Amino acid sequence: MNLSIAPEVAKALAANEPVVALESTVIAHGLPRPRNLVTAKALEAEIRALGVVPATIALHDGVAVVGAGDVLLERLANENGVAKVSIRDIAAVLAARSLGGTTVAATVEIAAAAGIQVVSTGGIGGVHRGAERSFDESADLEAIARHPVVVVSAGAKFVLDLALTLERLETLGVPVLGYGTDEFPAFYVRSSGLRLQYRVNDALGAARIAREQLARGAGMLLCVPVSAESALARDEVEGQVRNAITASERDGIRGADLTPYLLRALGEATNYRALDANIALLRANAQVAAQLALTLCA
Ligand code: PSU
Ligand code: MN
């Protein structure tokens, strides 16, 4: 895999200055136009405001881009038919020289190859509800286990089976740290009721554990609950998630299309409050990721 690292990112990495990688599936498939591009730029701005260099990752013209510029961000946001690139897709999309938005899984692999230690996202993928029949488990989980990168997220997406997701993370050896919480956060919803083994209260606490884990050549998850102002109520969203899953089964949606389908359905069902919460938590996670990157470089 050829990497095309933006000069600003390469310079920061060479000087051991902080960099935060961002995924691009959320731009191409996770958020609707025109808020996807506005959000992509806002996330980079949040990171820059703390003196950290953002590096949005994507595939383009046969290379893995680390630090997409404005032109590429705009294409990811506005072009039809951008590929959703998880790890199984990297080789084929590179060979075809097509444009691809990278999931957390692919972003983590590419960030690690570039020497970036922190990746920020909204909610990671995980074990889908009904996975005992569908076998649908996001490649995000194994990718985090396999690469020395900290992923900052608001937990795993609420549409998933969060208890099973935590079980798989345990099996894979991924430490899950609550940031100011003892619970696994549930994306738009602050609390899942699932207790976590480890809690940290600031970036320094997270960095101490991250140094040990990354030195083992493995990754970890830092979970930041969505703010109380932006959060949705669990009971309210639960009913809508069930409706969305029923609709996805009726429409025969499977595999890589399922997560974008469910996110879109929930945005519409909540009159876009789920979308507002998604964007708020993406921004908050980018800030925590930048603080962590600063602390890891100090
Ligand atoms: N977080 C968001 N919105 C998203 C995603 C994460 O707030 O769209 C994307 C990430 O790229 C994640 C992917 O890796 O959804 C998971 O997809 P799947 O369940 O198909 O692995
Ligand atoms: Mn899947």
Side-chain angles (χ1 to χ4, degrees), residues 21-33 35-36 39-40 42-43 56-59 76-77 82-90 93 100-111 119-131 133-145 147 149 151-162 164-165 168-169 185-189 219 221 223-226 230-232 237 241 244-245 248 253-267 272 274-286 289:
L22 295 163
E23 52 128 338
S24 49
T25 289
V26 66
I27 308 171
H29 308 278
L31 300 171
R33 299 170 191 153
R35 295 187 74 187
N36 56 350
T39 304
L43 297 181
T56 300
I57 289 179
L59 300 191
L76 286 162
V82 177
K84 176 177 167 184
V85 180
S86 191
I87 342 195
R88 64 120 196 239
D89 312 295
I90 293 178
V93 172
T102 49
T103 63
V104 169
T107 302
V108 159
E109 178 178 323
I110 295 164
V119 170
S120 189
T121 184
I124 61 162
V127 181
H128 281 268
R129 300 180 189 203
R133 280 171 286 116
S134 69
F135 269 66
D136 191 348
E137 171 184 330
S138 177
D140 290 358
L141 303 185
E142 226 179 294
I144 296 168
H147 299 285
V149 169
V151 175
V152 181
S153 82
K157 292 197 202 64
F158 190 76
V159 298
L160 301 167
D161 188 319
L162 298 181
L164 291 187
T165 299
R168 283 292 294 149
L169 285 165
F187 199 46
Y188 317 124
V189 176
L221 201 54
C223 294
V224 184
V226 62
S230 310
L232 303 190
V237 193
V241 167
I245 291 173
S248 73
I253 309 294
R254 266 192 235 109
D257 296 332
L258 181 59
T259 295
Y261 178 99
L262 293 176
L263 291 179
R264 196 175 315 119
L266 277 169
Y272 299 101
L275 179 60
D276 291 337
N278 197 348
I279 292 171
L281 66 86
L282 278 160
R283 295 179 71 140
N285 295 348

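Position 1 is the first residue of the sequence, and the numbers go up from there. For ligands, and for the atoms within them, numbers begin at 1 and follow the listed sequence. Here the structure is a predicted model, which means the values were calculated and not measured.
Closest protein heavy atom to atom 11 (O) of ligand 1: E23 OE1, 2.6 Å. Looking from atom 17 (O) of ligand 1 to the surrounding protein, the closest heavy atom is K84 NZ, 3.3 Å. Given atom 8 (O) of ligand 1, the protein heavy atom at minimum distance is G30 CA, 3.3 Å. What sits closest to atom 3 (N) of ligand 1 on the protein, heavy atoms only, is V26 CG2, 3.4 Å.
Atom-to-atom distance recorded for S230:OG and I279:CD1 is 10.5 Å, nearest 0.5 angstrom. Summarising the geometry, atom CG belonging to N278 is positioned 8.5 Å from atom OG1 belonging to T39; distances are rounded to the nearest 0.5 Å. Distance check, rounded to the nearest 0.5 Å: NE2 of H29 to CD of E23 gives 10.0 Å. Of the inter-residue distances, the one linking L262 atom CG with K157 atom NZ reads 9.5 Å to the nearest 0.5 angstrom.
Residues F187 and L266 are not in side-chain contact: their nearest non-hydrogen atoms beyond the backbone lie 4.5 Å or more apart.
A donor-acceptor pair under 3.5 Å is formed between the side chain of N285 and the backbone N or O of T121. A donor-acceptor pair is defined here as one N or O able to donate and one able to accept, closer than 3.5 Å; such a pair exists between the side chain of N36 and the backbone of I27. No donor-acceptor pair under 3.5 Å is formed between the side chain of S153 and the backbone N or O of C223.
For atom 9 (C) of ligand 1, the nearest non-hydrogen atom from the set K157, H29, E137 comes from K157. By heavy-atom distance, the residue among T121, L262, T259, I279 lying nearest atom 18 (P) of ligand 1 is T259.
For ligand 1, one of its N or O atoms has an N or O atom of S138 under 3.5 Å away. Any N or O atom pair closer than 3.5 Å counts here, and L282 shares no such pair with ligand 1.
Proximity of D140 to ligand 1, defined as any heavy-atom pair under 4.0 Å, is confined to the side chain (atoms from C-beta onward). Contacts of L31 with ligand 1, taken as heavy-atom pairs under 4.0 Å, are absent altogether. The proximity of N278 to ligand 1, defined as any non-hydrogen pair under 4.0 Å, is limited to the side chain.
Listed by atom number, the atoms of ligand 1 under 4.0 Å from H128 heavy atoms are 19 (O). Set against the non-hydrogen atoms of L263, the atoms of ligand 1 under 4.0 Å away are 3 (N), 4 (C), 8 (O). Counting the atoms of ligand 1 from 1 in the order shown, those under 4.0 Å from a heavy atom of G123 are 1 (N), 2 (C), 6 (C), 7 (O). Under a 4.0 Å criterion applied to the non-hydrogen atoms of T103, ligand 1 contributes the atoms 11 (O), 14 (O).
A pairwise comparison of heavy atoms in A83 and V93 identifies CB-CG2, 4.0 Å as the closest pair. In plain terms, the two heavy atoms of S86 and D89 that are nearest each other are N-OD2, 2.8 Å.
The Mn ion (ligand 2) is closest to atom OD1 of D136 (considering only N, O or S atoms).
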